[in-house]
Amino acid sequence: MIYNLNGKDSSRIRFNRKLFNYKLQSHKGKYQTTSKGILKNYEKPIRSIIIFENKYLNKVRKLLNEYKIFHKLYQIQREIK
């Protein structure tokens, strides 16, 4: 997936928190909570590209449409050894 996040920082942060797992800490790490995002296993080779499994496609597409984010989805056929 290739995407472009233009807009306010608050909406960008909300989108990233729903898409990826993230940790919140308070009191210098004494209290930690981990939020669960849509993508469990993914690769992010550069800033605006994410490689993920096909089983997450419908949930990711729904989230992209909800936030009205410009995106292009590509399917990778096989791995080169």
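These values consider heavy atoms only, across backbone and side chains, with no hydrogens, waters or symmetry-generated copies. Quantities reported herein were computed from a predicted structural model and do not represent experimental measurements.
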Report, one line per pair, each donor and acceptor closer than 3.5 Å where one atom sits in a side chain of residues 54-64; sequence neighbours left out.
none

Residues two or more places apart in sequence or in another chain: which of them pass ring pair (Phe, Tyr, Trp, His ring centres under 6.0 Å) with Phe15?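 Ring pair (Phe, Tyr, Trp, His ring centres under 6.0 Å) list for Phe15, sorted by chain: Tyr67.
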Can you name the residues that form a ring pair (Phe, Tyr, Trp, His ring centres under 6.0 Å) with Phe70, not counting sequence neighbours?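 In terms of ring pair (Phe, Tyr, Trp, His ring centres under 6.0 Å), with neighbours along the sequence ignored, Phe70 is linked to no residue.
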What residue pairs, at least two apart or across chains, pass side-chain hydrogen bond (donor to acceptor under 3.5 Å, both in side chains) with a residue in residues 35-51? Tyr3-Lys44
Going by side chain to side chain contact (heavy atoms under 4.5 Å, CB included), name the residues that satisfy it together with Lys8, two or more places apart in sequence or in a different chain. Ser10, Ser11
Using links of under 4.5 Å between side-chain heavy atoms of ILVMFWY residues, direct or through other members, which residues join Leu24 in one cluster? Tyr22
Least distance between heavy atoms, Gly37 atom then Asn21 atom: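 Nearest pair, atom of Gly37 first, then Asn21: N-OD1, 2.7 Å.
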Nearest atoms (heavy-atom pairs only) where Asn4 meets Ile69: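 Smallest heavy-atom distance, with atoms named: O-CG2, 3.4 Å.
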Do Ile2 and Leu19 share a hydrophobic cluster, counting only Ile, Leu, Val, Met, Phe, Trp and Tyr and linking them when any side-chain heavy atoms are less than 4.5 Å apart?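 In one cluster with Ile2: Leu19, no.
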Test His71 against Asn65 for side-chain contact (heavy atoms from CB on, under 4.5 Å), laying out the working first. CA-CA 9 Å; His71 64 281; Asn65 291 334; 3.9 Å; yes
Salt bridge (Lys or Arg N to Asp or Glu O under 4.0 Å) with Arg17: which residues, sequence neighbours excluded? none
I need the Met1 CE to Leu73 CG distance, nearest 0.5 Å.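 Between atom CE of Met1 and atom CG of Leu73 there are 7.0 Å.
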Under 4.5 Å between any side-chain heavy atoms of Gln25 and Tyr31, yes or no? no
Hey, could you give me each pair passing salt bridge (charged side-chain N to carboxylate O under 4.0 Å, His left out) that has a residue in residues 21-32? Not counting sequence neighbours. none
